[in-house]
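The sequence lines fix the lettering, A, B, ..., with proteins before strands; numbering per chain opens at 1.
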Amino acid sequence: MAVTDTPTASVQRVAAADDTAPMVTIRGVSKAYGSNEVLRDIDLTVNKSEVVCLIGPSGSGKSTLLRCINFLEVYDRGEIRIEGQLVGYSETTPRRRLSNAELRGLRRNVGMVFQQFNLWPHMTALENVAEALVQVRGLDKIAAAERARLMLARVGLADKADSYPSRLSGGQQQRVAIARVIAMEPHLMLFDEPTSALDPELVGEVLQVMRDLAAEGMTMVVVTHEMGFAANVADRVAFLDRGRIAAFGPPRQVFHESPEPRLTQFLQTYHERNSF
Amino acid sequence: MDSNLLVQYGPALLRGFGVTILCWAAGCAIGLALGFVLMLLRRIEVKPLRWIIRAYIEVIRGTPFLIQLFLLYSGGPAIGLRLEATTAGILGLGVYGSAYFAEIFRAGYQAVPKGQVEAALSLGMPYGGILRRVILPGMLVSTIPALVNMMAILTKETVVLSIITVPELMYEMQTMAAETFASFETILGMALFYWLLVEAVSRLGRRLETRMTRFLSHPSNARA
């Protein structure tokens, strides 16, 4: 339910300044395409500097949920707040959907990394990273290029600054995409299956960059099929099944102690795939 | 061909060729600009606006250019639109082209991968910036062949302007043919002129295409 009275909203905003306040609060979020319910009454809280992994079979709604957090996907019911700010809807007029223009302020602080990298093919790696610094952060071209170079160095691609995406491997492209996001100094990063489109030998380099980010205290929500990453890096893991969170907790608990039969069945497929 | 004829009519023909190129270039510029704006307007979620634009495109594409031109030049004064022949010709060519260009741009816009736009949105980029820096370059790559093709077609449509007495190449040729009875030579010469023009446009287009797609991995333009 959206907040209708402004006092509550202002309390929420004050709370946002507090360091112990959660980064993301998802409450009662639902979404349906016609009669197909893809998200059902989701509750989830992500604290600052926490890494939360969303796992589950395809079609379970994990990517949809992730995309609702920065409102690339519209949710129908419930509310999502980032640092206390309501995502996608007006605080004052209940259920009035915000336009892309109104969402810019929120999105500039929420980075997203996509499965298909989504680099702009007509720009070099450097230009890909510098573009939003100029357009959103208002840096001049020289300062933006300088910062972009620094970010590419952080993901180990200093020498690829002038390469076009088509000349880079999938792993390199994804690292450029991550550099493009961290250049904006986001408060929160969303990863939508960041390694699913990569050849197995390229997965490691991307996961390493993500591990480094987690170690530096970045708040991350990661949709992934990399169970090893979820087990070792996540603070908490949510298992989604048919639009619901069927299991949630620290990785150890979710992977080894959950009584949920659907989860056991899901994890079994990984054990089988990796046993050769 | 009688060389005296060339001396006598050469300057007029060259002038005509100049007018042809001017009308074509200005018509293309108007057509491209108007077509792009139409495509953008059509994306706005306002139903009546969409219907109007769609009707405009259907009517322009569904009627001969000759008739559109007559309506504009001869019918214009009835609604207070009194245009000089060349102006009417350029405007008519622009309007005619815009309907086709709008459709080409529409396809080009849809061909830009959605993820590239989502990436820009997720970074908080403004729509104008996304359009200019992400969508437009992506669109150009996929639409250049179709745009150049349409521009080549428009070079040939300029002959229609002679009907409303625009002093372009066709008009000058007809004058020459009428005065000298040398119709075979003039028609042959004219064909050559237009062929040269179309060839130049295509070559320019090919060069532009290579330039615009240089960032794609092609064995032909791979760098060591």
With a cut-off of 6.0 Å (strictly less than), are more than 12 heavy atoms of other residues, nucleotides or ligands near [atom1] of [X]?
{"X": "A:Glu146", "atom1": "CD", "value": "no"}
{"X": "B:Tyr100", "atom1": "OH", "value": "yes"}
{"X": "A:Ile142", "atom1": "CD1", "value": "no"}
{"X": "B:Arg82", "atom1": "CZ", "value": "no"}

Restricting to side-chain contact (heavy atoms from CB on, under 4.5 Å), what partner residues turn up for B:Arg50, sequence neighbours left out?
B:Glu45
Do you know which of A:Met184, A:Met112, A:His122 has the most heavy-atom pairs with chain B at a distance under 4.5 angstrom?
A:His122
Chain B heavy atoms under 4.5 Å from [X]: which part of the residue, side chain, backbone, both or neither?
{"X": "A:Val110", "result": "backbone"}
{"X": "A:Leu103", "result": "neither"}
{"X": "A:Arg180", "result": "both"}
{"X": "A:Gln135", "result": "both"}
{"X": "A:Ala132", "result": "both"}

Taking atom CZ of B:Arg133 and atom CD of A:Glu131, what is their separation to the nearest 0.5 Å?
4.0 Å
Quick one: which residues of residues 113-125 of chain B reach chain A at under 4.5 angstrom, heavy atoms only?
B:Gly115, B:Gln116, B:Glu118, B:Ala119, B:Ala120, B:Leu121, B:Ser122, B:Leu123, B:Gly124, B:Met125
